[in-house]
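If you're wondering where the values come from, they're calculated on a predicted model, not measured in any experiment. Letters go in sequence order (proteins before strands), and every chain restarts at 1.
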Amino acid sequence: MDERFNFKEVEQSLAEFWEEERVYGFDPKSKKEVFSIDTPPPTISGSVHIGHVFSYSQADFIARYKRMRGFSVFYPFGFDNNGLPTELLVEKLNKTTAEREGREKFIAKVEAVTKEYEALYRRTFGSVGISVDWTLLYTTISKDTQRISQLSFLELNRMGRVYRKETPTIWCPKEGTALSQMELKDKMLKSKFVTIRFSDDVVIATTRPELLPACVAIFVNPDDKKNSTLVGKKVKVPIFGQEVKVMADARVDPTKGTGVVMCCTFGDLTDIEWYKAYGLPLRIEISEKGKMLNKYFGGIGIKDARQKMIEDLKSAGYVLAEKEIEHNVNVHERCGTEIEFLVKMQWYVRYLDMKEVLIEQGRKLRWHPDFMAVRYENWIKGLQWDWSISRQRYYGIPFPVWYCKKCGEPIMADEKRLPVNPLVDKPGSKCAKCGSLDYVPETDILDTWATSSLTPLINAKWKGGDDYMHGIYPMSLRPQAHDIISFWLFTTVVKCYLHTKKLPWKDALISGHGLDSHGKPMHKSEGNIIEPSVVLEKYGADALRHWASLSRLGDDASFQDKDVLTGFKFVNKMWNVARFIEQNKAAGSRESRNVMDRWIRAKAAKLVKACTERFDEYDYAGAKRSADEFFWFFSNNYLEFVKYRIYGNDKDAAASTVMGVYLDILKLLAPFMPYITEKIYQELYRKKEGSISIHLSEWPKADAKHADGKAEALGDKVYGIISQVRQWKHERKAALNSEIKELVISEKLEDGEDDIKGAMNIKKISIGKGEIPVGDTGISIGIQA
RNA sequence: GGAGGCAUAGUCUAAUGGUAGGACGACACCCUUACACGGUGUAGGUCUGGGUUCGAUUCCCUGUGCCUCCACCA
């Protein structure tokens, strides 16, 4: 074995070895019980950062553990490449827009970019040692996925779960598409709060003066004494002149602005509520691309119109006050554009009536950590809209739908012909309502969540209804981060429940976020992204995974270089223990009766039990911690205590105990540090053990025959005395192997006395009272240099 | 505004109704035939304020700070 563990070389060659031997390959014919994992398909939107490594490693610890426990592990990988994020990336890289390119050309460009990034992601996750079976790779834009996604839509349609309706829709004027509630985020923006005189007594304050032409009513709070006299009055809107009525509604906050609000179609959600509640007229003044429709503005954008409006109102004498404010506005999370509300035909999945059953499903799921379940329930309780699943974009999975040109009736695709692209394909049947053969295709695409919510069924090669790979579905485990409980986890429960009446998984493993070294989330815009490749180059994959294994499941963890350094040192130490073993191999293995051998065996058996229990509860961090601790204890104490026998005349017993215990340690650590443990296994154990890889070897058993309370207690005393002698030598600035003439111990320790002598280079031990107490053992010792 | 989580030495973390463990850093000593990328040892810590208790860092309440999700945002 080399003097140093060359992690770069070893990582390279082992990765190839695992690939060739299909160590992580899933065998559908295997008779073993299947453990299936619903891996999150990362969005192709840029690079992989250390946060990804953090959460994917945590799922990998579990996958590797289950594999060693004898499960046939189904661990696929997927790429989410059909969404808006991917589109935006492609637009940026090619310096173009989807609109300019047209659908067909643009899709070709997306596919090219996707290929490139797939290779990058695969390389990164591969080098970190994520043990997925790459032959199970899926993407959310593939033909198979398109078929499943469209099939899902058709099945939901048959169930009466989807409907099409013209409703106010959350809209991104930059992308020109409808958005779901999930795609919004808050942003603090500067704005002007303008007080406008409509009439002598009707004065309103607004941040959206450009919406004056869309004003359809004015509201005051019925309990607002100052303003309630206005109710019933009619006033003319400045400049645009339409007459609107003042109405009373409790949703008005009398303390805000002037206490008088204008309702426009639509400035915000309250406007929509009023519009629906009072049957107000509709005045659409903003285009799909965020331009003003009223002739008055001559087609300028919203922001310019706002500026112009303020100036015009001022010069016409309508403005009473103007205040600079900063307020939160809803923006599209991907492009940061302030959202608008437009009335559009959209497809919806009806689920507001399912809240109870969805909550019930969530309660059946085993959440790790359990408090994450609350987030799921809160989300469902707060839902106000059905799920809008249509997007006015170019790249994605098309709706398998055409419309009758004559009567507008939707024509659904034939399920046997999926996937279809209605822009290219023909419906192949006439309108069921009027019998016309003329049709127009649906040009919208499906929301990406409408597809990614099917990953368990995609993995199980679903063909509709109950037709899927049993054994794979329902899946054993959904690992994911906590921020998308309300998106991905929730929508998956919805869809899988609707299609199969089943919960898609047994357990959910919710990881936290990897944060930067100051505990801040990593964002490209903040410039605090940490690249895995930099860390891998410096410390290696095992060391990086060590960092990911430190924090408890569900906790966020800040990235600390020193934690990776600790992992690196750990790996180095493991390597050196292996070298020691190699240099001092036992001639034959045999069960030892030495106290210290029985002592370490007993402790190792306890450790195995503890690690196994923790792993079974998905507490990988606890398992790792106990194994780490034991490893250091083993190397710094036990190994030092038995050297005198290894170099002396009890070599076989000592060396075979060292080797046996170390194999247990290696196996317990294999899920966390796959490279170093595999390398050592190959060098020292493979021939004897027979398994081609440590990752396919059997998880250690807590051997009852090694439980030995008596030896453990005696060994602890020996350990306590040795520690005391070590301290004594240290205080005298003596080397730890310096000679001591005589040690007096107050208690007989049977054959443990030899071990003290050997470990501490003591010439003679006698029984008697000493002046140095040994911890809380009640023993005292005396030392003569 | 609502919900959830977290708060422990200089830094990062573990555990616990009774003496708080480790890592990095600091300091001291030891180049002991696996390892100086090592070993041995020393110093250093439970966010504020209440409550329950014989006893709280741990349980409860409050405040503060950080992170996440949601709502509001005329």
Side-chain angles (χ1 to χ4, degrees), chain A residues 1 3-5 181-182 184-186 188-189 191 193-194 204-208 211 218-219 251-253 256-264 267-271 325-330 369 371-379 381-384 481-487 512-513 515 517-521 539 547 550-552 554-584 621-622 625-626 628-629 632 635-636 639-640 643 646-647 723 726-727 729-738 760-761 776:
Chain A
M1 290 170 76
E3 213 162 292
R4 294 259 177 256
F5 177 65
Q181 210 176 329
M182 310 169 201
L184 307 181
K185 74 172 182 194
D186 286 351
M188 278 301 259
L189 286 178
S191 185
F193 201 36
V194 191
I204 66 126
T206 181
T207 54
R208 302 289 308 264
L211 285 178
I218 287 178
F219 284 94
R251 276 166 277 209
V252 179
D253 176 359
K256 200 158 180 178
T258 58
V260 186
V261 194
M262 68 170 180
C263 168
C264 310
D268 63 26
L269 279 171
T270 324
D271 288 346
I325 57 160
E326 230 182 305
H327 67 162
N328 258 331
V329 289
N330 264 330
F371 63 80
M372 293 290 180
V374 180
R375 301 193 185 189
Y376 172 87
E377 289 201 12
N378 281 344
W379 168 258
K381 286 176 187 158
L383 280 176
Q384 301 203 30
H482 56 64
D483 56 336
I484 51 173
I485 289 174
S486 49
F487 302 53
H513 282 143
L515 309 171
S517 59
H518 305 290
K520 297 277 173 216
Y539 297 116
W547 165 68
L550 289 176
S551 69
R552 248 184 334 211
D555 276 6
D556 294 342
S558 65
F559 179 82
Q560 302 294 327
D561 197 78
K562 70 180 185 62
D563 288 334
V564 191
L565 175 68
T566 305
F568 175 82
K569 288 185 175 180
F570 191 104
V571 168
N572 177 250
K573 189 80 174 175
M574 288 174 80
W575 183 247
N576 279 303
V577 171
R579 285 178 60 221
F580 173 74
I581 290 174
E582 193 202 29
Q583 288 159 23
N584 300 288
R625 210 163 37 238
S626 352
D628 280 15
E629 200 186 322
W632 287 104
S635 343
N636 292 338
L639 234 42
E640 297 300 329
K643 271 182 181 172
I646 285 182
Y647 298 141
S723 297
R726 276 175 169 174
Q727 187 155 354
K729 285 187 177 179
H730 179 262
E731 278 160 10
R732 275 153 193 78
K733 301 189 179 185
L736 289 176
N737 66 343
S738 60
M760 285 288 101
N761 193 12
D776 52 6

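In this structure, the nucleotide among B:U40, B:C12, B:U68 sitting nearest to the side chain of A:D483 is B:U68. Ranking B:A15, B:C35, B:G4 by closeness to the A:E640 side chain, first place goes to B:C35.
Mapped onto RNA chain B by nearest heavy atom, A:L736 and A:E629 fall at different nucleotides, with A:E629 at the one closer to the 5' end.
Within the 4.0 angstrom heavy-atom criterion, only backbone atoms of the sugar-phosphate kind lie near A:T270; the bases stay farther away. Residue contacts for A:N330: at a heavy-atom cut-off of 4.0 Å it reaches a base atom on one of the strands shown. The residue A:K256 sits close to a base: some heavy atom pair falls under 4.0 Å. The residue A:E731 sits apart from the nucleic acid: no heavy atom pair falls under 4.0 Å. Across all strands, A:V329 comes closer than 4.0 Å to base atoms (heavy-atom distances). Nucleic acid contact class of A:H730 (heavy atoms, under 4.0 Å, all strands): base.
Spacing between B:U46 and B:A9 at atom C1', rounded to whole Å, works out to 10 Å. Rounded to whole Å, the C1' atom of B:U8 lies 15 Å from the corresponding atom of B:G65.
Between A:F487 and A:W379, the ring-plane angle classifies as parallel under the 30° and 60° cut-offs.
The side chain of A:N378 places no N or O atom within less than 4.0 Å of a non-bridging phosphate oxygen (OP1 or OP2) of B:C70. A:K562 has no side-chain polar atom (N or O) that falls below the 4.0 Å cut-off from OP1 or OP2 of B:G25.
Side-chain contact, A:R579 with A:N576: a donor N or O sits under 3.5 Å from an acceptor N or O.
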